[in-house]
Amino acid sequence: MIKVKTDYLGRDVDYVAYADEIEKINQGIDAKSLPGSDFLGWANYPEEYDKEEFARIEKAAKFIREEVDTLVVAGIGGSYLGARAAIEAINGLYGDDKMEIIFFGNTMSGKMSKQILHKLEGKKFAINVISKSGTTTETAVAFRVLRDLLVKNVGKEEAAKLIFATTDKEKGALLELSKKYGYERFVLPGNIGGRYSVYTAVGLLPMAVAGIDIQAFMDGALNAKRAYDSDEINEAYKYAIIRHELYKEGYPVEMLVNYGLHLVQLGEWWKQLYGESEGKDKTGVLPDAAVFSTDLHSLGQFIQEGSPVLFETVILEKDGEDDVIIPHDEDNLDQLNYLEGKGINYVNNTAAEATLQAHSNTGGVPNIVIEIERFDAFGLGELMYFFMRACAASCYLNGVNPFNQPGVEVYKKNMFHLLGKPGY
Ligand code: PA5
């Protein structure tokens, strides 16, 4: 199970002072009596998910893996970040799997779009278009150009068999389009918002196509649900309380730190979860993310000695499976023989320990450590639920609704107006 460690926090936290508030929050989540309660479907989802659809997801993934070697996922924000984070964290960036997953619809850069389409030219590929509203501009534009290309490549009839749509069950442009062309459909339940949707088909279909054991992922989520859905101050609520205390003390920025470049997207997913949930009413901790030791060579200086605005939340894997042993070298001109026979993980873990000491003990930067067993399907399933539960509690501690995002609409309205969309 996940452990929240405070050895490098540099202060004591009075959890007991939060006991009543946390009890109310937990009961409020369960009773769906708090603001945003229409979007609490994720909380029980690891227990209550649709098993028939789950089986259909596995079947569709098998079909895709047999038919093509590329899946393009068209989606933005909560409609792709969870899948991408889980795929990269579990599979790494250079795995042996023949299946390539391309994420598109998450940018409107002409250069990126052209390159992706060029790569798919003349190719048989599959598309998973994901949009709850069915009208998100980035996703809709990407889907239109992808569909156009796929039809050119394989013909209309074949294309329809290779397109999978994940959207609302009852409404939206994508639902209508999917019905008209006969695409296989998966559901993003109405009571689950995008950034809380990784356990639905939104996350599961791309993950299953990437060869991930999605049952283990759901088992991990269930384990976490059982542990963190409690009136007591469990590990998820402990994390929420600590970051709330630090915010009150004058730390408006949280940096999530991971120790591997395959975890960059986990940081992106987490940034969306916390940023879009908590950043309201001129309150909230700004979520930032970094990967060490990589970013110690860029941001390390600021963290150690710059403006004291941030605290760090460091995720450490206890039991990393894959490793490379540093070999002996006859000449030892690189002077590394003192490390011969040691794993690169050992060096990474030592860097983590040294950095915690440097940032916390020397630099005075509060550090929360989240220890997880392993970045496998089960471990990620647990970790993502842990963060969701803690995020909801953090927002309620700040008095904001975790499940809306009214601020995101402002740029959309301006953009539609400038683009000349009818009605704007
Ligand atoms: O978390 C959210 O709700 C958002 O990030 C949405 O997922 C994102 O804006 C995409 O929306 P949609 O799925 O409707 O295309």
Side-chain angles (χ1 to χ4, degrees), residues 35-43 45 72-86 103-108 127-147 163-178 183 185-207 265-280 284 287 289 384-385 387-392 394-395 400-416 419 421:
S37 60
D38 289 353
F39 290 95
L40 274 164
W42 59 272
Y45 203 72
V72 187
V73 176
I76 195 162
S79 287
Y80 92 101
L81 280 165
R84 186 167 185 183
F103 291 92
F104 191 29
N106 53 355
T107 174
M108 285 194 292
I127 303 172
N128 181 199
V129 52
I130 308 176
S131 179
K132 183 169 178 171
S133 60
T135 51
T136 300
T137 313
E138 290 89 337
T139 308
V141 168
F143 184 45
R144 184 184 276 210
V145 297
L146 282 170
R147 210 174 34 175
I163 297 175
F164 300 82
T166 306
T167 189
D168 192 272
K169 196 177 182 175
E170 277 145 19
K171 57 180 190 314
L174 182 56
L175 179 70
E176 295 316 314
L177 207 145
S178 309
Y183 306 145
R185 296 196 303 273
F186 295 97
V187 174
L188 205 182
N191 61 355
I192 299 182
R195 57 191 177 275
Y196 293 83
S197 70
V198 70
Y199 301 111
T200 72
V202 172
L204 296 183
L205 181 58
M207 284 168 69
Q265 295 300 325
L266 182 63
E268 293 301 304
W269 171 83
W270 173 88
K271 266 162 54 182
Q272 191 214 358
L273 179 65
Y274 279 76
E276 223 168 59
S277 299
E278 203 181 37
K280 284 156 204 169
M384 288 174 129
Y385 190 93
F387 276 131
M388 289 185 200
R389 198 95 196 176
C391 184
S394 287
C395 294
V400 300
N401 176 350
F403 308 118
N404 61 1
Q405 53 283 329
V408 182
E409 297 308 313
V410 184
Y411 102 88
K412 286 188 194 167
K413 277 191 190 136
N414 292 351
M415 179 178 73
F416 291 151
L419 286 171
K421 185 172 176 171

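Positions are given from 1 along the sequence. All of these numbers come straight from a predicted model, not from anything done at the bench. In listed order, ligands and their atoms are each counted from 1.
Considering every non-hydrogen atom in both S197 and L188, the closest pair reads CB-CD2, 4.0 Å. Smallest separation of non-hydrogen atoms from C391 and Y274: N-OH, 3.2 Å.
Closest heavy-atom approach to atom 11 (O) of ligand 1 among the candidates T166, I130, T136: T136. By heavy-atom distance, the residue among S133, G194, G172, G77 lying nearest atom 14 (O) of ligand 1 is S133.
For ligand 1, one of its N or O atoms has an N or O atom of G78 under 3.5 Å away. Residue contacts with ligand 1: K132 is placed with a nitrogen or oxygen under 3.5 Å of a nitrogen or oxygen of the ligand (distance criterion only). Taking any N or O of S131, backbone or side chain, at least one lies under 3.5 Å from an N or O belonging to ligand 1.
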Show the atom names and distances, to 0.1 Å, of all donor-acceptor pairs under 3.5 Å that link a side chain in residues 77-85 to residues at least two apart or in another chain.
unit_1: R84; atom_1: NE; unit_2: E88; atom_2: OE2; d: 3.2

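Around the NZ atom of K412, the shell of radius 6.0 Å holds more than 12 heavy atoms that belong to other residues, nucleotides or ligands.
Remark: minimum distance from atom 2 (C) of ligand 1 to any protein heavy atom is reached at E276 OE1, 3.3 Å. The closest protein non-hydrogen atom to atom 1 (O) of ligand 1 is R195 N, 2.9 Å. Of the protein's non-hydrogen atoms, the one nearest atom 10 (C) of ligand 1 is I76 O, 3.3 Å.
Partner of S277 under the side chain to side chain donor-acceptor pair (under 3.5 Å) criterion, out of R195, Q272, Q405: R195 alone.
For Q272, the heavy-atom gap to ligand 1 drops under 4.0 angstrom.
Classified by interplanar angle (parallel below 30°, tilted 30° to 60°, perpendicular above 60°), the ring pair F403/W42 is tilted. Relative ring orientation between F143 and Y183 is described as perpendicular, the plane-to-plane angle rising above 60° on a 0-90° scale split at 30° and 60°.
Every atom of ligand 1 with a heavy atom of S79 under 4.0 Å away is listed here by number and element: 7 (O), 12 (P), 13 (O).
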